[in-house]
Amino acid sequence: MTTITLPGLADVHTHLRVPGGEHKEDFATGTAAALAGGVTTVLAMPNTTPPLSTPEALNAARSTAAGAIRCDVGLFAGASPERVDHLEALAPGAVALKIYLNDTFGPLRVEDLPTLRACFRRWPREKLIAMHAERQSVAVGIGLAAAYSRPVHFCHISRREEIELIADAKMQGLPVTCEVTPHHLFLDERDARRLGTRGDMRPVLGSPDDVAALWEHLGETIDCIATDHAPHTLAEKAGSNPPPGVPGLETSLLLMLGAVEAGRLSLERLEALMAHNPRRIFGLPEQPGTHVEVELGVPATLSDAEVVSKCGWTPFAGMTVSARVRRVVLRGQVVYQDGRVCAPPGSGRLLPSLGRDAGESGEQ
Ligand code: DOR
Ligand code: ZN
Ligand code: ZN
């Protein structure tokens, strides 16, 4: 057994479900799951109920977060055709804008060009635009990045045709970046059949050839590993209208370290994909005095029983890993050790920090 030290990880794609989905996850439980997975900064998605597409909803979510988060959290603002007038007012409290071009969980969707243009014209240039774009929608996003000469980040790329297009766009010097999830790297459509609704998410699990393409591009085209941690309860997953999405905060690092052990990527590349690149791309602050201690060479089988997330299950149950997060230190404080989350609710920092003038508490 060896112990290695990694930087605190940054996961730029999580669903913490506040407001409206607190029975699935909340700020305190979702950030506890993050720490258990070695993640010290998370960005949370705006497809909540109501969505974070008005200043009122965004500010209310920020207030709730300030007293509840155990690691650093930033919120995405959500683009919506009815709410384009709010975009400038949303920006100060959000780390980035999320645009959903394809069907997924929740009502946020942008399917018309006038709204897309409004987003690109109105959203401040210093803040990133991220997209849920599948198949030819990736080409739409690349076209907008070129037309407005501003960066676009593609969430959870999952197909060969998409990653190859992004590689072509990067070759042309276009300002695009992308993330890939562990579930799209470690599971495929055969697992979807085995797992039933527990293996259903958007984008759906790909073919073995799609998965192979993602691994081929992990060394260069892919910028980040992001979990798309999307907790739903098992009762919902077993119900008549099962929502798409799977949790992933606690398993992401362990699975990726397995790939390092198997010689599929270097530890240095893992650190770039899971810590340095996400921080750089989204302009997230460094966290001095922060690190993650991981034990390697300790075989374990992933199971629902150990899941910290409120949802209480993992699509990777039954898979073997050989690493374990031993301790997480955030700004000099032990926040996780040997299965126990020690960080109290409210001890994390909310991003971006607006300070006391904005009337927010819980920020340091
Ligand atoms: O599977 C998914 N679930 N994909 C998404 O894009 C949204 C997410 C959710 O919010 O549950
Ligand atoms: Zn998505
Ligand atoms: Zn998502």
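Quick note: numbers below take in every heavy atom, side chains included, and nothing from hydrogens, waters or symmetry partners. Here, residue 1 is the first one in the sequence, and each next residue gets the next number.
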*With the threshold set at 4.0 Å, does a side-chain nitrogen-carboxylate oxygen contact exist between E216 and R160?*
yes

*Take atom CZ of R340 as the centre, draw a 6.0 Å sphere, and report whether it contains more than 12 heavy atoms from other residues, nucleotides or ligands.*
no

*Any donor and acceptor pair, going by atom type alone, linking the side chain of D223 with main-chain N or O of C178 inside 3.5 Å?*
yes

_Whether the side chain of R109 engages the backbone of L101 through a donor-acceptor N/O pair (distance < 3.5 Å, no angle test) should be reported._
no

*Is there a donor in the side chain of T41 and an acceptor in the side chain of Q287, or the other way round, less than 3.5 Å apart?*
yes

*Calculate, to the nearest 0.5 Å, the distance between atoms OG1 and CD belonging to T29 and E22 respectively.*
9.5 Å

*Kindly indicate, with the supporting measurements, whether the criterion side-chain contact (heavy atoms from CB on, under 4.5 Å) is fulfilled by L270 and L257.*
CA-CA 8 Å; L270 179 147; L257 283 169; 3.9 Å; yes

*Under-4.0 Å salt bridge between K24 and E236*: yes

_Within this structure, what is the SG-CD1 distance for the pair C155 and I99, rounded to the nearest 0.5 Å?_
10.5 Å

*Do S63 side-chain atoms and N59 backbone N/O form a donor-acceptor pair below 3.5 Å?*
yes

*Any sub-3.5 Å donor-acceptor pair from T31's side-chain atoms to A34's backbone N or O?*
no

*State whether the number of non-hydrogen atoms from other residues, nucleotides or ligands found under 6.0 Å of Q172 atom CD is greater than 12.*
no

*Main-chain N/O of A77 paired with K98 side-chain donor or acceptor, under 3.5 Å*: no

_Contact check, side chains of L187 and M319, non-hydrogen atoms, under 4.5 Å_ = yes

*Would you give the length of the straight line joining atom CG of L302 to atom CG of L254, rounded to the nearest 0.5 angstrom?*
6.5 Å

*Let me see the working for F154 and E162 under side-chain contact (heavy atoms from CB on, under 4.5 Å), right down to the final yes or no.*
CA-CA 10 Å; F154 291 99; E162 297 163 352; over 6 Å; no

*asked:* If only side-chain N and O atoms count, and only distance matters, is there a donor-acceptor pair under 3.5 Å linking N102 with S137?
replied: yes

*Would H15 and F105 count as a ring-ring contact (aromatic ring centres under 6.0 Å, His included) if you check the C-alpha gap in whole Å, the side-chain angles of each, and the deciding distance to 0.1 Å?*
CA-CA 11 Å; H15 297 266; F105 183 68; 7.9 Å; no

_Could you measure the distance from the CG atom of L218 to the CD1 atom of I225? Nearest 0.5 Å is fine._
5.0 Å

*Quick check: does any side chain N or O of R70 sit under 3.5 Å from a backbone N or O of A343, one acting as donor and the other as acceptor?*
yes

*Is the side chain of T14 donor-acceptor paired with the backbone N or O of L16 at a distance under 3.5 Å, no angle test?*
no

_Looking at D338 and R324, is there a salt bridge between them, counting it only when a charged N and a carboxylate O are closer than 4.0 Å?_
yes

_Side chains of H153 and T177, donor plus acceptor under 3.5 Å_ = yes

*asked:* Check this for me, if you would: do R17 and E25 make a salt bridge, where the nitrogen-to-carboxylate-oxygen distance has to be below 4.0 angstrom?
replied: no

*Give a yes or no on whether the backbone of V308 and the side-chain of E250 come within a donor-acceptor separation of less than 3.5 Å.*
yes

*Take atom CD in Q333; do more than 12 heavy atoms of anything else shown fall under 6.0 Å from it?*
no

*Mutual orientation of the aromatic rings belonging to F120 and Y148 [parallel < 30°, tilted 30-60°, perpendicular > 60°]*: tilted

*Specify whether H156 and H132 have parallel, tilted or perpendicular ring planes, treating 30° as the upper limit for parallel and 60° as the lower limit for perpendicular.*
perpendicular

*Are side-chain N/O atoms of S80 and E82 paired as donor and acceptor at under 3.5 Å?*
yes

*asked:* Counting neighbours of CZ on R125 that are heavy atoms of other residues, nucleotides or ligands and sit closer than 6.0 Å, is the number greater than 12?
replied: yes

*May I ask you to decide whether R202 forms a salt bridge with D103, counting only side-chain N to carboxylate O separations under 4.0 Å?*
no

*asked:* side chain to side chain donor-acceptor pair (under 3.5 Å), that's the test. Do R280 and N277 meet it? Break it down for me.
replied: CA-CA 5 Å; R280 178 176 43 78; N277 292 354; 2.9 Å; yes

*Report yes if the side chains of T233 and W313 come closer than 4.5 Å at any heavy-atom pair, otherwise no.*
no

_Flag for T3-R326: side-chain donor and acceptor within less than 3.5 Å_ = no

_Keeping K237 on the side-chain end and G245 on the backbone end, is there a donor-acceptor pair under 3.5 Å?_
yes

*asked:* For the CZ atom of R83 and the CG atom of D85, what is their distance to the nearest 0.5 Å?
replied: 10.0 Å

_Ignoring hydrogens and geometry beyond distance, is a side-chain donor-acceptor pair present between D200 and T197 at under 3.5 Å?_
no

_Spacing of T227 atom OG1 and L9 atom CG [to the nearest 0.5 Å]_ = 11.0 Å

_Looking at K170 and T221, would you say the former's side chain and the latter's main chain have a donor-acceptor pair under 3.5 Å?_
yes

